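The structure appears right after this line, and notes come after that.
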Amino acid sequence: MSNQQLVIENNRNNGNQQQSFECEDIAITVAMGDGIGPEITRATLRILTAAKARIIPEFIDIGEQVYLAGHSAGITPQAWQSLRQTKVFLKGPITTPSGSGYKSLNVTIRKTLGLYANVRPCISYSPYVHTLHPAMDLVIIRENEEDLYAGIEHRQTDEVYQCLKLITRPGCEKIIRYAFEYARSHGRKKVTCMVKDNIMKMTDGLFYKVFQEIGAQYPDITQDRYIIDIGSARLATQPELFDVIVTTNLYGDIISDIAAELSGSIGLAGSANIGEHVAMFEAIHGSAPDIAGQNIANPSGLLLASVMMLIHIGQADIARKIQNAWLKTIEDGIHTTDLKSEQTKVLVNTDQFAAAVIARLGASPQRFTPVTYQNSELQQKPVTPAYQAKAPAEKIIVGVDVFLHKHQLSADMLAERLKRLETPELQLEMITNRGVKVWPDGFPETFCTDHWRCRFMLKAGLTQLVYADIIRLLSLISANNLDVIKTENLCTFNGEPGFTLGQGQ
Ligand code: NAD
């Protein structure tokens with residue numbers, strides 16, 4: 001069914017729903033999505049309509065068909081216009097075509113619209129949904145714009161590819177403050193930071209440093225930190241240890257799939273992507289092409305995302321009605337295939353599940369605690385102060401890493417050539433290969449690729465470099481028939497080094 005047909009059907013089934021909305025009706029942008037997207041979005045819209053959500057859906061086409069029609073970003077200018085006008089987006093999952101010609105539309109939308117906070121509640125519905133962790137009730141707050149998802153990748157040599165991991169202070173401050181404000185406004189008691197700062201001292205190190213700085217302003221909230229590997233392991237075995245988890249983009253993406261699956265099914269979890277101007281609501285799962293078109297997908301993830309949307313737009317009364325009907329459906333044992341267990345009384349398809357929720361609108365769950373959202377609680381929008389830029393640090397260039405592409409060369413041979421090219425300002429200090437020191441005093445056991453980082457530092461007695469000194473060095477290296485891939489300036493910021501040592505240095 002096309003979007004247009006869906007609107008017509010909704011109008012027909014609901015007494016011309018679009019014209020009968022009251023004056024406080026809110027326009028929202030809706031994309032049906034790819035794969036199972038149309039099935040679960042249709043089910044969700046049916047429930048929203050039956051619950052009398054005061055919304056006017058404005059449909060846009062994005063995703064696979066738009067990519068294939070030649071829009072390499074997967075979205076048209078008209079769709080952007082709708083998003084910027086309504087500022088509220090209910091989105092079915094999107095397939096990212098494989099191949100380097102296509103960027104992920106999900107990431108593009110989140111970043112273009114500044115949706116910096118991805119809020120992913122993961123809750124067990126035991127005993128009605130089978131899970132090993134009946135007490136799990138946590139929220140993952142994932143940074144949504146930075147990290148390896150900056151999508152800046154390069155092939156640098158025959159053998160080496162690079163993806164840049166960008167972590168910024170404004171990005172860290174915004175997401176970490178959001179996590180603490182979310183905890184406060186949602187009555188949650190603890191915020192856990194998950195990072196890998198034992199390895200990535202500068203990037204993940206900054207995230208944790210900002211967590212400590214901002215955490216000091218929230219003495220009422222318990223705080224702790226896990227390295228992401230043991231943190232993920234504990235999440236899988238003892239999720240009840242966690243309340244709110246704040247983490248960077250990639251880790252958050254991974255652990256929220258784990259947490260959703262632990263709760264019983266990836267099909268259960270909804271999420272909100274919150275920005276200062278626009279908010280987007282979606283299931284955390286993807287377009288599930290393996291089950292698309294079969295009418296068996298669980299629409300709960302998108303439905304619970306739409307509950308978050310209703311709270312966001314001030315319709316907590318409708319949100320409450322829908323979530324309580326959904327809880328009652330689950331405890332009545334009316335389940336889609338992914339939730340099948342001995343608690344299942346009636347196994348239903350996507351449409352039947354939607355019908356079961358609609359039949360329970362107005363009812364309260366008997367075993368689960370009913371939700372009690374109030375219209376005054378705009379819970380998805382904790383107030384976070386605008387980022388205050390810091391005074392610029394005193395930045396001094398003290399060296400340069402020159403990255404070279406060179407085959408069939410030993411580190412000692414390369415060092416010998418580079419030593420001859422030292423300038424009056426710069427001397428060769430170290431060569432690494434894939435980050436590990438291979439000169440001076442490298443080990444023959446270390447495997448080397450064709451990608452060399454050659455660190456030149458300021459000579460003794462000098463206090464700083466100018467960029468022209470680096471260019472002079474590069475000219476010499478290039479004239480010596482060495483292939484320069486790129487350089488990274490080595491700077492101090494207020495005297496603190498803005499670079500790490502080589503491994504083994
Ligand atoms: P997926 O989440 O689509 O599917 C993983 C597994 O979970 C599959 O076995 C699927 O059948 C099952 N599953 C997912 N949702 C379900 C539901 N509602 N009910 C029952 N079972 C469900 O992950 P994938 O297969 O890795 O990705 C497929 C596509 O989705 C890819 O193109 C990917 O880029 C995209 N994707 C989009 C989003 C998004 O739109 N936000 C998120 C993740 C992945």
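Read the numbers this way: they start at 1 and go in the same order the structure lists the ligands and their atoms. Every value quoted in this text rests on a predicted model; they were computed, and no experiment measured them. The analysis underlying the following values was restricted to heavy atoms, covering all of them including side chains, and did not include hydrogens, waters or symmetry mates.
- Scanning all protein heavy atoms for the shortest distance to atom 20 (C) of ligand 1 gives I291 CD1, 3.7 Å.
- Residues forming a ring pair (Phe, Tyr, Trp, His ring centres under 6.0 Å) with H130 (at least two apart in sequence, or on another chain): none.
- Residue-level proximity to ligand 1 for P289 is carried by the side chain, the only part with a heavy atom below 4.0 angstrom.
- Salt-bridge formation is detected for the pair D317/R54: a Lys NZ or Arg NE/NH1/NH2 atom is positioned less than 4.0 Å from an Asp or Glu carboxylate oxygen.
- Within the 4.0 Å heavy-atom criterion, the part of N106 lying near ligand 1 is the side chain and not the backbone.
- The pair D243-R188 counts as a salt bridge, with a side-chain nitrogen and a carboxylate oxygen less than 4.0 angstrom apart.
- Residue contact check: G267 has heavy atoms under 4.0 Å from atoms 17 (C), 18 (N) of ligand 1.
- At least one side-chain heavy atom of D332 sits under 4.5 Å from a side-chain heavy atom of R360.
- The contact set between ligand 1 and N298, taken as ligand atoms under 4.0 Å from a residue heavy atom, comprises 17 (C), 18 (N), 19 (N), 20 (C).
- Counting protein heavy atoms only, atom 3 (O) of ligand 1 is closest to A288 N, 2.7 Å.
- Atom 23 (O) of ligand 1 has its nearest heavy-atom neighbour, among G63, G286, P299, in G286.
- A donor-acceptor contact closer than 3.5 angstrom is absent between the side chains of R234 and Y226.
- With hydrogens left out, the protein atom closest to atom 37 (C) of ligand 1 is I94 O, 3.1 Å, a heavy atom.
- Contact check on E213 versus R169 returns a salt bridge, with a Lys/Arg side-chain nitrogen under 4.0 Å from an Asp/Glu carboxylate oxygen.
- In this structure, the side chain of D450 engages the main chain of E159 through a donor-acceptor pair within 3.5 Å.
- Contact record, T95 with D34: N-OD2, 2.9 Å, taken as the closest heavy-atom pair.
- Atoms of ligand 1 found under 4.0 Å from any heavy atom of A297, numbered from 1 in the order shown, are 19 (N).
- For ligand 1, the atoms closer than 4.0 angstrom to any heavy atom of E282 are 41 (N).
- Interface of T96 with ligand 1, defined as ligand atoms under 4.0 Å from a residue heavy atom, comprises 32 (O), 34 (O).
- Taking every non-hydrogen atom of P93 and a distance limit under 4.0 Å, the qualifying atoms of ligand 1 come out as 40 (O).
- A salt bridge is absent between D197 and K209; no separation between the charged side-chain nitrogens and carboxylate oxygens falls under 4.0 Å.
- Both the backbone and the side chain of T95 come within 4.0 Å of ligand 1, counting heavy atoms alone.
- Here atom 16 (C) of ligand 1 lies nearest to I36 when heavy atoms of D338, I109, I36, N273 are compared.
- Looking only at heavy atoms of the protein, atom 8 (C) of ligand 1 is closest to D290 OD2, 3.4 Å.
- When the options I266, I284, T337 are ranked by their closest heavy atom to atom 12 (C) of ligand 1, first place goes to I266.
- Ligand 1 lies out of reach of I40, whose nearest heavy atom is not under 4.0 Å from it.
- In terms of protein heavy atoms, atom 30 (O) of ligand 1 is closest to S287 N, 3.0 Å.
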